[in-house]
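In each ligand, atom 1 is the first atom listed, and ligand 1 is the first ligand listed.
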Amino acid sequence: MMTEPRPDLVIYGSPVSPFVRKVASLCLLKGVPHEVEAVNVFAPPQWFTDISPMKRIPVLRDRSVAEQGTAGTIPDSSAICGYIEKKHPAPALYPAEPAAYGEALFIEEFADTSLAVAGGLGIFRPIFFAVTKGEAPDLAKARDAWANQLPPIFDVLEARLSGAEFFAGDALSIADITVAQVMLQIALVAEMPLDGWPALARHFAAMFARPEIAGPYSAADAIIRKALPSRFDLT
Ligand SMILES: N[C@@H](CCC(=O)N[C@@H](CS)C(=O)NCC(=O)O)C(=O)O
């Protein structure tokens with residue numbers, strides 16, 4: 001029987017992390033072979049602590065550089081995606097034009113920080129972490145985040161899309177991938193009515209229709225649905 005060669009790129013983490021899924025989507029869109037190797041970031045083995053200075057997932061290993069130790073490893077999804085773009089330039093997932101490039105990096109950062117804090121710490125964790133501990137989900141906290149923290153963030157995204165299909169440079173980029181995977185962190189545990197943000201709603205649906213976005217999300221969904229069969233209505 002033929003076996004697939006071992007891919008050079010290993011993403012350490014879990015598809016439950018939006019930042020792991022962001023890197024996986026970038027690899028899929030570029031057709032770059034990769035694998036996701038499970039690491040529990042809340043009880044990490046020593047070898048992982050050694051390569052993750054911020055104690056976070058994901059960390060990338062490029063086995064073509066080194067198979068162990070710090071050499072050949074890169075922490076942080078943004079650094080990882082920049083590395084993969086340089087190593088596998090086609091198809092380009094960062095705009096070439098300077099202003100569009102700057103906008104793409106800003107939207108990536110905005111999604112990684114503001115959106116991820118509101119959606120991850122405000123909604124995903126109070127629901128899912130509670131359920132995995134056998135506690136009742138903190139729906140009051142999640143509802144407050146949905147009602148008060150997310151709308152100003154969605155307003156920024158809606159305004160910067162300004163009706164376009166993509167966030168930067170009229171083409172799919174790291175900005176679209178990141179926004180989609182971080183928004184999907186909310187969708188793992190809650191309904192996502194985006195009626196007040198039509199361009200963002202269209203963008204979200206179009207991104208989810210892509211197998212390179214939906215595939216990593218399905219891997220997370222399979223894990224979440226075991227503990228939480230259905231999603232909550234936060235309205
Ligand atoms: N800016 C980092 C964020 C990574 C991050 O926050 N990962 C979370 C999982 S989604 C984590 O590892 N958290 C561990 C912790 O909070 O202790 C990136 O883009 O990679």
Side-chain angles (χ1 to χ4, degrees), residues 9-29 32 34-62 70 72-87 93-94 104-133 138 141-142 145 149-150 153 157 167 173-190 213 215-224 227-228:
L9 299 188
V10 189
I11 307 166
Y12 295 123
S14 161
V16 170
S17 161
F19 310 106
V20 169
R21 296 197 304 272
K22 170 186 161 187
V23 176
S25 288
L26 184 103
C27 288
L28 290 168
L29 285 159
V32 176
H34 64 283
E35 62 191 20
V36 177
E37 188 176 314
V39 167
N40 178 0
V41 72
F42 299 110
Q46 186 59 46
W47 65 263
F48 184 76
T49 308
D50 292 343
I51 60 169
S52 184
M54 296 168 88
K55 298 187 171 42
R56 287 186 175 158
I57 53 170
V59 173
L60 182 80
R61 173 171 295 285
D62 185 342
T70 311
T73 67
I74 302 175
D76 190 277
S77 67
S78 301
I80 294 168
C81 288
Y83 173 78
I84 296 171
E85 176 77 6
K86 288 281 184 200
K87 200 166 174 180
L93 289 171
Y94 292 72
L105 293 187
F106 166 67
I107 294 292
E108 177 188 23
E109 175 61 15
F110 187 67
D112 277 350
T113 53
S114 299
L115 181 61
V117 167
L121 302 186
I123 295 178
F124 178 79
R125 288 191 181 201
I127 292 178
F128 186 68
F129 282 26
V131 168
T132 53
K133 282 190 278 180
D138 190 348
K141 181 163 185 183
Q149 289 182 47
L150 267 312
I153 293 168
L157 293 172
F167 275 102
S173 78
I174 189 67
D176 307 293
I177 299 166
T178 308
V179 169
Q181 288 299 3
V182 177
M183 299 255 296
L184 283 166
Q185 199 68 12
I186 304 170
L188 281 171
V189 297
I213 301 288
Y217 173 79
S218 306
D221 189 62
I223 296 167
I224 301 299
L228 192 73

Problem set entry | Any Arg125 heavy atom less than 4.0 Å to ligand 1 | yes
For [atom], the protein heavy atom that lies nearest, with its residue and separation:
{"atom": "atom 15 (C) of ligand 1", "value": "Phe42 CE2, 3.7 Å"}
{"atom": "atom 6 (O) of ligand 1", "value": "Arg56 CD, 3.4 Å"}
{"atom": "atom 2 (C) of ligand 1", "value": "Asp76 OD2, 3.4 Å"}
{"atom": "atom 8 (C) of ligand 1", "value": "Ile57 O, 3.9 Å"}
{"atom": "atom 10 (S) of ligand 1", "value": "Ser17 OG, 3.2 Å"}

Problem set entry | Test ring-ring contact (aromatic ring centres under 6.0 Å, His included) applied to Phe110 and Phe167, step by step | CA-CA 12 Å; Phe110 187 67; Phe167 275 102; 9.3 Å; no
For this session: Begin from the C-alpha positions of Arg21 and Tyr217 and carry the test side chain to side chain donor-acceptor pair (under 3.5 Å) through to its verdict.
Result: CA-CA 7 Å; Arg21 296 197 304 272; Tyr217 173 79; over 6 Å; no
Exercise. So, is Ser77 polar-close to ligand 1, with some N/O to N/O distance under 3.5 Å?
Worked result: yes
For this session: For ligand 1, find out whether one of its N or O atoms is nearer than 3.5 Å to an N or O atom of Ser78.
Result: no
Seminar exercise, completed: side-chain contact (heavy atoms from CB on, under 4.5 Å) test vs Ile174 passes for just one of Ser25, Cys81, Ser78, Ser77, namely Cys81
Seminar exercise, completed: Result for side-chain contact (heavy atoms from CB on, under 4.5 Å) between Phe128 and one of Leu188, Ile224, Ile123 points to Ile224
For this session: With sequence neighbours excluded, give me every salt bridge (Lys or Arg N to Asp or Glu O under 4.0 Å) pair touching residues 104-114.
Result: Lys22-Glu108, Lys22-Asp112
Exercise. Do Tyr83 and Val23 pass the side chain to side chain contact (heavy atoms under 4.5 Å, CB included) test, and can you show the C-alpha distance, the side-chain angles, and the key distance before you say yes or no?
Worked result: CA-CA 11 Å; Tyr83 173 78; Val23 176; over 6 Å; no
Exercise. Backbone N or O of Phe129 within a donor-acceptor pair of the Thr132 side chain at under 3.5 Å?
Worked result: yes
Seminar exercise, completed: Counting heavy atoms under 4.0 Å, the part of Lys55 that contacts ligand 1 is backbone
Problem set entry | Which segment of Val41 sits under 4.0 Å of ligand 1 when only heavy atoms are counted | side chain
Exercise. Considering only heavy atoms of Pro58, which atoms of ligand 1 have at least one such atom less than 4.0 Å away?
Worked result: 20 (O)
Exercise. Which atoms from ligand 1 have a heavy atom of Pro18 less than 4.0 Å away?
Worked result: 10 (S)
For this session: Count the heavy atoms belonging to other residues, nucleotides or ligands that lie under 6.0 Å from NZ of Lys87, then report whether that count exceeds 12.
Result: yes
